[in-house]
Amino acid sequence: MSKPVRVRFAPSPTGFLHVGGARTALFNWLWARKNSGTFILRVEDTDVERSTEASTEQILDSLRWLGLDWDEGPYYQSQRMELYRERLDQLCAEGKIYPAFETKEELDRMREQAMAEKRNPIYNRAALRLSPTEVEERMKSGQAFVWRFKVPDEGHTVVPETLMSGESECRFENAAIGDFIVTRPGTLDKPGGPLYNFVCAVDDADMGITHVIRGADHLSNTAKQILLLEAMVREVPVYTHLPLITRGGKKMSKRDEDADPRYPVSVSARRDLGYLREATVNFLALLGWSHPSGEEIFPLDELIREFGLERLGKANANFDEDKYLHQNGWYMRNLPAEEIVRRAIPFLEAAGLSAADRPEGWLAEVIGLEIERCRLLSEFPEALAYFFQAPESYEPKGVRKFFGSPEAAELLDQTAGILEAAEPFAGEALEPELRRLAEERQLGFGKVAQPIRLAVTGRTASPGLFDVLRLLGREESVRRLRTAAEAIRSGVLAAGN
RNA sequence: GCGCCCGUCGUCUAGUCUGGUCCAGGACGCCGCCCUUUCACGGCGGUAACACGGGUUCAAAUCCCGUCGGGCGUGCCA
């Protein structure tokens, strides 16, 4: 009965895809998928000064990485100028737009003055009071002008929020909106290009968009676009405004990208940091949306089933880095092991850690051991380093606790001896031997395990000792034990390592 | 300034439309315990919130008014 859903994601190619944009894309995508609708990609590149192809590429790349595939497009507004021209001509013919000749500087001054006088700084319609001959003369003389949309003086424009719970609406007094500009300055010979609110309204109508889902920062734009749509006698889509994503109380902005390298706002930088697409999508979905069950883990397929615009929140959504990290860790541990291995390899290689000469399956095992201690793919190189190279130093805290006495060296030597003789060299064979060693020395097993752990990994914390020894191999394990014993005896560690 | 939106544990949130089941539920963080060769994972438990003031009502986190606080918009950007 209702029309098939058509939604769009309309980024402007003036930079990378940031998490806010990604969230908008995701919600539109989910709405399309949930309703078997169409997800359209539209590149809003009317600002030729700032739009770049590289940026478009990066945005598409990030969308693909997230798994947000589009059914139509990408359409480029820069290639639809004829359509905008047509609509503009029609509005002009109907007297719904008018040329205004003020320069930017003049407008700035007017705005400042209005603010100083505590007035709403909307355009004073000076151009509307120009006589037709005056206008014609100015245009013919080549004076630059912009087209302004004549907002009705009476009444108000309602932006309904019909999809949200509670059905609210925002009302804007038309008189307070002001005659906004729909084209850049131009002359009769060289017309100025169309501006955002105008092209957006034209395209949404032309592309048959049924639902416009975007950030709440667009609320006042929506009123303008509805006005435009009504003026063009086109159907008005359903609008839904998403809670703003904030961090530190402020809207998350592209300009925050370099504030802290650990917490970038671009999707691509998150990817490079070792965030998983699954976690990213899951986390983004919870920015403004929640499930009544309180459940917070939603793989994509489940998200499509459970998602709904009626469960959007209204309060700003804060970007909780801790939760994002936590969810990333969850997906690291719960995605198929071979998948994680595949994704970890580039990070390891970038750090110069290659498992090419290791036995089949070795890397998977090693990653499997450390994965529960990692929450980002990028943590693997450091976490796994000791599997690739002998420790260059020992954790000072451990040295003090476990390497303090000559007995420690003796213990490590003895352990080395046991490992040399162990047959086969595997956890099952090693464990009884080492436990016996502890008993002989009348020590709890921990007292034996910790020095050994420190000797072979350089750390006081690691996965189970027997697994570590097995994967390190007999030769390497023995070598590290002897090296550590030697270091203890030589006294170099006491000096502070 | 003006317009619009919002305000629940340290943090993210559920609950607000349709007042009672909420002395407020979940998650993250933190703390403790269990598991245990360490760390982590996992399990169990704990911590902690309705911005404030009025009103309506037998009853308010939920409705109304005001105050305060925060955010967004206010572009010849999108």
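All chains are named by letter (A, B, ...) in the order of the sequence lines, taking the proteins before the strands, and each is independently numbered beginning at 1. Computation of the quantities below employed the complete heavy-atom set of this structure, encompassing side-chain atoms and omitting hydrogens, waters and symmetry-equivalent molecules.
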Using atom [atom1] of each nucleotide, how far apart are [N] and [M] to the nearest Å?
{"N": "G66(B)", "M": "A59(B)", "atom1": "P", "answer": "23 Å"}
{"N": "A24(B)", "M": "U62(B)", "atom1": "P", "answer": "16 Å"}
{"N": "G75(B)", "M": "U13(B)", "atom1": "C1'", "answer": "35 Å"}
{"N": "A40(B)", "M": "C77(B)", "atom1": "C1'", "answer": "48 Å"}
{"N": "C35(B)", "M": "U47(B)", "atom1": "C1'", "answer": "23 Å"}

So what's [N] paired with, Watson-Crick or G-U wobble, going by both distances under 3.5 Å?
{"N": "G19(B)", "value": "none"}
{"N": "G69(B)", "value": "C6(B)"}
{"N": "G1(B)", "value": "U74(B)"}
{"N": "C63(B)", "value": "G55(B)"}
{"N": "C33(B)", "value": "G43(B)"}

Note to self: Under the salt bridge (Lys or Arg N to Asp or Glu O under 4.0 Å) test against Arg436(A), which residue among Glu439(A), Glu433(A), Glu440(A) passes?
What the structure shows: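 Only one of Glu439(A), Glu433(A), Glu440(A) forms a salt bridge (Lys or Arg N to Asp or Glu O under 4.0 Å) with Arg436(A), namely Glu433(A).
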Find the distance [X]:[atom1] to [N]:[atom2] and express it as a whole number of Å.
{"X": "Ile122(A)", "N": "C4(B)", "atom1": "CD1", "atom2": "P", "value": "14 Å"}
{"X": "Gln327(A)", "N": "G26(B)", "atom1": "CD", "atom2": "C1'", "value": "13 Å"}
{"X": "Ile245(A)", "N": "C6(B)", "atom1": "CD1", "atom2": "C1'", "value": "16 Å"}
{"X": "Glu321(A)", "N": "G10(B)", "atom1": "CD", "atom2": "P", "value": "20 Å"}
{"X": "Asp467(A)", "N": "U36(B)", "atom1": "CG", "atom2": "C1'", "value": "14 Å"}
{"X": "Glu431(A)", "N": "U38(B)", "atom1": "CD", "atom2": "P", "value": "13 Å"}
{"X": "Asn120(A)", "N": "G75(B)", "atom1": "CG", "atom2": "P", "value": "10 Å"}
{"X": "Asn316(A)", "N": "G71(B)", "atom1": "CG", "atom2": "C1'", "value": "5 Å"}

According to a strict under-4.0 Å criterion, is [X] in side-chain N/O contact with OP1 or OP2 of [N]?
{"X": "Lys447(A)", "N": "U38(B)", "answer": "no"}
{"X": "Arg247(A)", "N": "U11(B)", "answer": "no"}
{"X": "Arg435(A)", "N": "U37(B)", "answer": "yes"}
{"X": "Arg311(A)", "N": "G15(B)", "answer": "yes"}
{"X": "Arg375(A)", "N": "A40(B)", "answer": "no"}
{"X": "Asn318(A)", "N": "C12(B)", "answer": "yes"}
{"X": "Arg453(A)", "N": "U36(B)", "answer": "no"}
{"X": "Arg111(A)", "N": "U74(B)", "answer": "no"}
{"X": "Ser12(A)", "N": "C77(B)", "answer": "no"}
{"X": "Lys323(A)", "N": "A27(B)", "answer": "no"}
{"X": "Thr46(A)", "N": "A78(B)", "answer": "yes"}

Options [options], nucleotide nearest the side-chain atoms of [X]:
{"X": "Ala449(A)", "options": "G73(B), U37(B), C4(B)", "result": "U37(B)"}
{"X": "Ala461(A)", "options": "U38(B), C4(B), C76(B)", "result": "U38(B)"}
{"X": "Phe445(A)", "options": "C76(B), U37(B), G73(B)", "result": "U37(B)"}
{"X": "Asp47(A)", "options": "C28(B), U37(B), A78(B)", "result": "A78(B)"}
{"X": "Pro121(A)", "options": "C76(B), G3(B), U74(B)", "result": "U74(B)"}
{"X": "Lys314(A)", "options": "C5(B), G7(B), C76(B)", "result": "C5(B)"}

Notebook entry, point to check: Tell me, do Tyr75(A) and Met207(A) make a side-chain contact under 4.5 Å, heavy atoms counted?
Noted result: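 When only atoms from C-beta onward are counted, Met207(A) and Tyr75(A) do touch, with a gap below 4.5 Å.
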Contact class for [X] vs. all strands (heavy atom < 4.0 Å): base, sugar-phosphate, or nothing?
{"X": "Ser220(A)", "result": "sugar-phosphate"}
{"X": "Leu465(A)", "result": "base"}
{"X": "Gly464(A)", "result": "base"}
{"X": "Ala317(A)", "result": "sugar-phosphate"}
{"X": "Ala315(A)", "result": "sugar-phosphate"}
{"X": "His291(A)", "result": "nothing"}
{"X": "Ser290(A)", "result": "sugar-phosphate"}
{"X": "Glu296(A)", "result": "base"}
{"X": "Leu454(A)", "result": "nothing"}
{"X": "Pro243(A)", "result": "nothing"}

Any N/O donor-acceptor pair, [X] side-chain to [N] base, under 3.5 Å:
{"X": "Asn221(A)", "N": "A78(B)", "result": "yes"}
{"X": "Glu117(A)", "N": "G1(B)", "result": "no"}
{"X": "Arg333(A)", "N": "C41(B)", "result": "no"}

Margin query: Salt bridge or not between Glu49(A) and Arg184(A)? Use side-chain N to carboxylate O under 4.0 Å.
Written below: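 Salt bridge absent between Glu49(A) and Arg184(A).
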Next item on the list: Identify whether the distance between the nearest side-chain nitrogen and carboxylate oxygen of Arg470(A) and Glu365(A) falls below 4.0 Å.
Entry: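 A salt bridge is present here (some side-chain N lies under 4.0 Å from a carboxylate O).
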Margin query: Between Asn174(A) and Glu154(A), is there a side-chain donor-acceptor contact under 3.5 Å, judged purely by atom types and distance?
Written below: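 Side chains of Glu154(A) and Asn174(A): no pair found under 3.5 Å.
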Next item on the list: State, without any angle test, whether Gln113(A) and Glu117(A) hold a side-chain donor-acceptor pair at a distance under 3.5 Å.
Entry: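 There is such a pair (donor and acceptor under 3.5 Å, judged by atom type) between the side chains of Gln113(A) and Glu117(A).
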Next item on the list: Compare every heavy atom of Ala317(A) with every heavy atom of Pro243(A), then report the nearest pair and how far apart it is.
Entry: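 Reported closest heavy-atom pair: CB-N, 4.1 Å.
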Check: Starting at the 5' end of RNA chain B, which residue's closest nucleotide do you reach first, Arg171(A) or Thr183(A)?
Finding: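 Taking each residue's closest nucleotide, the earlier one in sequence belongs to Arg171(A).
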Note to self: Assuming nearest nucleotide by heavy-atom distance, tell me which of Val146(A) and Gly249(A) is located more 5' along RNA chain B.
What the structure shows: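 Looking at the nearest nucleotide for each, Gly249(A) comes out on the 5' side.
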Next item on the list: Report the C-alpha separation of Met332(A) and Tyr275(A) in whole Å, then their side-chain angles, then the decisive distance to 0.1 Å, and conclude whether the side chain to side chain contact (heavy atoms under 4.5 Å, CB included) test is met.
Entry: CA-CA 9 Å; Met332(A) 296 255 283; Tyr275(A) 285 87; over 6 Å; no
Next item on the list: Report yes or no: is the cationic atom of Arg148(A) (NZ for Lys, CZ for Arg) closer than 6.0 Å to the six-membered ring centre of Tyr123(A), at no more than 45° off its axis?
Entry: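 Output yes; distance and angle both within limits.
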Notebook entry, point to check: Name the one of Phe319(A), Tyr331(A), Phe298(A) that satisfies ring-ring contact (aromatic ring centres under 6.0 Å, His included) with Phe283(A)?
Noted result: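 Exactly one candidate clears the test, Phe319(A).
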